[in-house]
Participant: 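Take this structure, written in structure tokens, and hold onto it; I'll ask about it next.
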2 protein chains.
Amino acid sequence: MGDLKLPSLDPTSDRPVFKQIADHLRAAIESKALTPGEKLPSESQLIGHYEVARMTVRHALQILQSEGLTVAQHGKGVFVRPRPPVRRLASDRFARQHREQGKAAFIAETEGVGAKPSVDSITIKEEKPSQDIALRLGLSDADRVVVRARRYLIDGHPVETATSYIPASIARNTRIAEPNSGPGGIYARLEELGHRLDHFTEEIRARMPLRDEARALRLAPGVPVFHLVRTAYDQAGRAVEVCDTVMSSDAYVLSYELPAQ
Amino acid sequence: MGDLKLPSLDPTSDRPVFKQIADHLRAAIESKALTPGEKLPSESQLIGHYEVARMTVRHALQILQSEGLTVAQHGKGVFVRPRPPVRRLASDRFARQHREQGKAAFIAETEGVGAKPSVDSITIKEEKPSQDIALRLGLSDADRVVVRARRYLIDGHPVETATSYIPASIARNTRIAEPNSGPGGIYARLEELGHRLDHFTEEIRARMPLRDEARALRLAPGVPVFHLVRTAYDQAGRAVEVCDTVMSSDAYVLSYELPAQ
DNA sequence: CGGTACGGCTCGTCTAGACGACTAGGTGTC
DNA sequence: GACACCTAGTCGTCTAGACGAGCCGTACCG
């Protein structure tokens, strides 16, 4: 930090001062002159180096933060944002073979890489589905759904929230409507209930998090989320579950395999 | 706009003033009191309503912008960001049946919804691949690749940049190394060259755009991108192409189908 | 009638400062 | 030794202004 060499401003450039400062710092980060976790020069140091007002320096720092490159810590400094280890989600993660060892997909995967998985904030209700959910599940106006919401954590860090919607006609008074859905998770319960799973569809969007999502996932500013909606179909072609998932985008890489025909 | 009712500040709250103002405006947008394309109250109007300094109002507006909710237009005002029509990419989009009508996937899909597709900035080079690309293509140190870069537009709006890497041993001196790769695109050429395609893998990340990407895709602030890396394998199990794609995340929904076994 | 100039509105950049709150380390007291 | 306190350094919030630049409608002039 003390030995970081920052260029001077180019007074002939049309580029505003705060963008030039942001460019310098961004270049330092991208060139690894500043490494993840390392402290950037403090606001006072930048003010001294560039001889500009504090708001100008703060504006530059704010840009980097909104790009997800840095995080500020009150009273300590501004740091290059460390990247969490990435979880790779493969498209066969719901294959029956993975389920039959009695573990839900998330638990099995996470333990597989030596980390401690946990689940919290489990809530279960029965309610009238939104129009979108009703459409995906093929329900009519009078039908109701069991809603299972929960949050997944790895080593205590939240990485994903998920909300499942299952037609009440299937799930009511079963273990699916209990907080602990039992070994293998709700997909195992659905199969026991005679809904042998055939395939899933997944829709993936990416966007900036809503306020609640940023809080629930403890997201740093400038980190987008994956918004994933999965629908499970049984062999009769009936949609038996919709799962709405929000994931921190820098904790995940999604991976799929596509046939060529 | 003139009839938009904004609450007053809560002086008893610990929440900073600029966040309260951002909350009010965000709520107005989310409740559709302000609709996409509509103009927000001007800075002066907000200063008058809340009786705060201009920087405080600007700070609030900047938050909304970094969330991708608004866009500012110099000299005109701040507007609720209109959402572009969404393109849905299905997991069978590279299926042979779609290719055999002689059109590349992008062209066929886009015309299918009545919009005008175009492609520009086509560049072709031959070079030494990066370590990552070499690994994905299973190449050794001396091997080279043909690199095809291009940008896709819909009705003149850029939506996607793509860079394909094909082993030079396959593509050199073929139509793949020509700007116009011919009917059906490079996948059709690869099959003609005896590399009958078997399957693809896709890796999906989401993140904030780099500066160049934001420029090339004309992205509004606060809009993340999908970063998609697709590898094509022929029936001999050989990787024959890697395609590195960056897409505006609000122009796309990615859709996949997963088997249950 | 057509073009130009102007004024008023908008957001963009930048300054100079005040005060608050959090962190960490050192000092002093008990 | 344990604890409270102080202080310097950091970022967070907010004020009050200045000037610039883009957009647009209107009044004026040719």
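Order of the sequence lines sets the chain letters (A, B, ...), proteins ahead of strands, with each chain counted from 1.
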Participant: Taking atom CE of A:Met247 and atom CG of A:Leu89, what is their separation to the nearest 0.5 Å?
Facilitator: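 With rounding to 0.5 Å, CE (A:Met247) is 6.0 Å from CG (A:Leu89).
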
Participant: Give a yes/no answer on whether the side chain of A:Ser44 brings an N or O atom under 4.0 Å of OP1 or OP2 in D:dG9.
Facilitator: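 Looking at the OP1 and OP2 atoms of D:dG9, neither is under 4.0 Å from any side-chain N or O of A:Ser44.
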
Participant: Ignoring the backbone of B:Ala72, work out which of C:dC14, C:dC11, D:dT13 is nearest its side chain.
Facilitator: C:dC11

Participant: For the atom pair CZ (B:Arg83) and CZ (A:Arg207), what is the distance rounded to the nearest 0.5 Å?
Facilitator: 9.0 Å

Participant: Just the rounded figure in Å: distance from P of C:dG12 to CZ of A:Arg15.
Facilitator: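 About 15 Å, once rounded to whole Å.
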
Participant: So, A:Thr110 and A:Arg87: side-chain donor and acceptor under 3.5 Å apart, yes or no?
Facilitator: yes

Participant: Give a yes/no on whether any side-chain N or O of A:Thr56 is located under 4.0 angstrom from OP1 or OP2 of C:dT15.
Facilitator: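 So the side-chain polar atoms of A:Thr56 do come within 4.0 Å of the phosphate oxygens OP1 or OP2 of C:dT15, strictly under.
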
Participant: If you assign each of B:Phe18 and A:Gly77 to its closest nucleotide in DNA chain D, which residue comes earlier from the 5' end?
Facilitator: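 Final value for this comparison: A:Gly77.
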
Participant: I'd like to know if B:His74 reaches the base of C:dC11 with its side chain such that a donor and an acceptor end up less than 3.5 angstrom apart.
Facilitator: yes

Participant: Between C1' on C:dT13 and NE2 on B:His59, what's the gap in Å once rounded to a whole number?
Facilitator: 16 Å

Participant: Could you give the CG-to-C1' distance, from B:Leu46 to D:dC14, as a whole number of Å?
Facilitator: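 Rounded to whole Å, this separation is 16 Å.
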
Participant: Taking only side-chain nitrogens and oxygens of A:Arg58, does any of them come within less than 4.0 Å of OP1 or OP2 of D:dC11?
Facilitator: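 No, outside the criterion.
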
Participant: C:dC9, OP1 or OP2 - any side-chain N/O from B:Lys76 closer than 4.0 Å?
Facilitator: no

Participant: Got a second to check how far B:Phe79's CZ is from B:Glu38's CD, nearest 0.5 Å?
Facilitator: 10.0 Å

Participant: Could you tell me how far apart B:Gln73 (CD) and D:dC23 (C1') are, to the nearest whole angstrom?
Facilitator: 10 Å

Participant: Classify the side chain of B:Arg54 and the base of C:dT10 as holding, or not holding, a donor-acceptor pair under 3.5 Å.
Facilitator: no

Participant: As a test of reading the structure: which of D:dA16, D:dC14, C:dT13 is closest to the side chain of B:Met55, going by heavy atoms?
Facilitator: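 From the listed options, D:dA16 comes nearest.
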
Participant: Separation of B:Ile47 atom CD1 from D:dC14 atom P, in whole Å?
Facilitator: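 Atom-to-atom, B:Ile47 to D:dC14, this comes out as 14 Å.
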
